[in-house]
Structure formats: C-alpha cells, structure tokens
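When a residue number appears, it is its place in the shown sequence, counting from 1.
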Amino acid sequence: MDLTAIVFYLFAIVTVGAAGIMVFSKNIVHSAFALMFSLAGVAVLYVLLYADFIAATQLLVYVGGILILILFGMMLTEQGFTQEFKAVTVNILPASLLAAVAAVLLVYSYVTTSWQMITPEERSETVYDLGILLMSDYILPFIIAGVLLLIAIIGAILMSTRLTAIKNQEQ
C-alpha cells in the first residue's frame with residue numbers, strides 16, 4: 001500500500017467519523033465543528049483526486065466562509081438559545097432501517113462491481129485553465145454572480161440593522 005492510499009483511507013475515516021459525530025451530537029456547536037472537519041476531509045479527498053480547484057473552493061467557500069459564518073451566528077446570537085438547544089431524535093426505527101438498507105445496497109454494489117484500475121496520466125494543474133476561462137469566456141456570469149453576492153450581503157446588513165432598530169425602539 002502506497003502513501004496515497006494510506007492518506008486516502010486516513011482522511012476517509014476522518015471525514016466519515018466527523019460526519020457521524022455531526023449527526024449524532026446533541027450539542028449544536030459540536031455538530032458545527034464536526035461538520036468543519038468533515039468538509040476539510042472532503043477537500044483533502046479532492047486533492048487526492050487531482051481536483052485542486054474544487055479542493056480550494058471547498059476550503060474557501062464551505063469551511064472558510066459558510067461554516068465560520070454559522071459558528072459566528074450561533075455564538076453571537078442569544079447564548080441561552082444555543083446552550084439550551086438540544087436536538088430531539090425522532091423516528092429512530094424507520095431511519096435505522098433505511099440506513100441499513102442503504103448500507104447493504106452500497107456494500108452489494110461495491111462487491112459486485114468489476115473495478116478497473118486506470119493509471120492516471122501526468123498530473124496537470126487545472127486552476128490556471130479555469131482562471132483563464134473565467135476571465136475570458138465566462139466573464140459575464142462571473143460578474144453577475146459577484147453583483148448578486150454583493151446585493152445579498154447589502155440586504156443582509158440592511159435587514160439586521162432594521163431588526164436591531166425595531167428591537168431598540170420596543171425597549
């Protein structure tokens with residue numbers, strides 16, 4: 001077993017383990033941190049698949065942006081809500097049966113599939129080509145996406161200041 005396979009199995013275990021902790025944890029902050037480790041593990045798996053741009057995007061957007069925003073949102077909101085929040089698990093039996101059926105189907109498909117080993121060609125970087133495409137052929141969708149994100153950020157700021165002003169007037 002070579003080093004790449006060892007790293008793959010190590011981060012696959014980290015990713016699945018963190019996902020399990022995220023699902024079964026009763027504390028929402030612990031679940032958020034477990035989600036962060038799971039998403040970072042997925043980014044490492046993308047790197048192993050030579051998808052460096054997707055790995056960087058995974059880290060920047062999901063781990064660095066959205067998840068940190070969720071954590072700050074939970075920590076900056078009223079502390080009593082997050083401390084008293086406990087997840088209630090319902091429908092354990094149907095969910096367990098569905099998960100067991102899905103696991104059996106996945107194992108069956110893994111065992112019965114004839115896997116072909118393909119030796120990858122020389123590794124080439126994809127970031128440079130994607131950057132050239134974004135700045136040449138797809139510049140208009142890139143600018144539109146940037147403007148939409150800017151409008152969403154301004155709208156979120158306006159909504160939060162309006163809610164704060166209304167709350168201050170009520171007191």
Side-chain angles (χ1 to χ4, degrees), residues 1-75 85-146 148-149 152:
M1 185 180 297
D2 61 343
L3 182 63
T4 305
I6 293 171
V7 170
F8 172 79
Y9 287 121
L10 177 71
F11 278 96
I13 290 170
V14 166
T15 302
V16 172
I21 291 171
M22 178 194 68
V23 170
F24 294 116
S25 176
K26 299 284 184 188
N27 189 331
I28 194 166
V29 176
H30 294 165
S31 293
F33 278 108
L35 178 63
M36 182 175 68
F37 282 111
S38 180
L39 292 175
V42 170
V44 171
L45 295 178
Y46 282 139
V47 168
L48 291 175
L49 292 172
Y50 301 124
D52 46 352
F53 178 75
I54 296 175
T57 305
Q58 172 87 11
L59 282 177
L60 288 174
V61 173
Y62 290 108
V63 177
I66 294 174
L67 196 60
I68 298 300
L69 184 66
I70 290 171
L71 285 173
F72 274 115
M74 286 188 312
M75 291 178 184
F85 180 78
K86 296 290 180 191
V88 177
T89 305
V90 294
N91 298 326
I92 293 175
L93 184 63
S96 299
L97 288 174
L98 187 62
V101 169
V104 167
L105 288 175
L106 284 174
V107 169
Y108 175 76
S109 66
Y110 177 77
V111 171
T112 58
T113 302
S114 61
W115 299 97
Q116 297 177 357
M117 296 296 291
I118 299 175
T119 304
E121 296 177 11
E122 189 68 29
R123 182 180 177 177
S124 62
E125 293 183 12
T126 58
V127 176
Y128 179 79
D129 295 334
L130 285 172
I132 294 296
L133 279 176
L134 276 178
M135 291 298 137
S136 60
D137 294 343
Y138 297 103
I139 189 71
L140 182 62
F142 186 72
I143 291 173
I144 290 173
L148 287 175
L149 287 174

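- Considering CZ of Phe53 and CG of Asp129, their distance stands at 11.5 Å, rounded to 0.5 Å.
- Considering only residues two or more places apart in sequence or on other chains, Tyr110 meets the ring pair (Phe, Tyr, Trp, His ring centres under 6.0 Å) condition with Trp115.
- Under the side chain to side chain contact (heavy atoms under 4.5 Å, CB included) criterion, Ile92 pairs with Thr89, Ser96, sequence neighbours left out.
- The shortest non-hydrogen separation linking Ala18 to Ser38 is CB-N, 3.6 Å.
- With sequence neighbours left out, the side chain to side chain contact (heavy atoms under 4.5 Å, CB included) criterion links Asp137 to Leu133.
- For the side-chain contact (heavy atoms from CB on, under 4.5 Å) test with Phe8, the passing option among Val44, Asp2, Leu3, Leu48 is Leu48; the others fail.
- Applying the side chain to side chain contact (heavy atoms under 4.5 Å, CB included) rule to Phe24 yields no partners; only residues at least two apart in sequence or on another chain are considered.
- With sequence neighbours excluded, the residues that form a side chain to side chain contact (heavy atoms under 4.5 Å, CB included) with Leu39 are Leu35, Gln58, Tyr62, Val63.
- In this structure the side chain of Phe37 never reaches within 4.5 angstrom of the side chain of Met22, judged on heavy atoms.
- With a 4.5 Å cut-off on side-chain heavy atoms, Val101 and Leu105 count as touching.
- Ala55 and Val47 make their closest contact through CB-CG2, 3.5 Å (heavy atoms, listed as atom of the first residue, atom of the second, distance).
- Between Leu45 and Ala12, the closest heavy-atom pair is CD2-N, 4.3 Å.
- Here the OG1-CG distance, from Thr57 to Asp52, works out to 9.5 Å after rounding to the nearest 0.5 Å.
- How far CG of Leu93 is from CG of Leu98: 11.0 Å, rounded to the nearest 0.5 Å.
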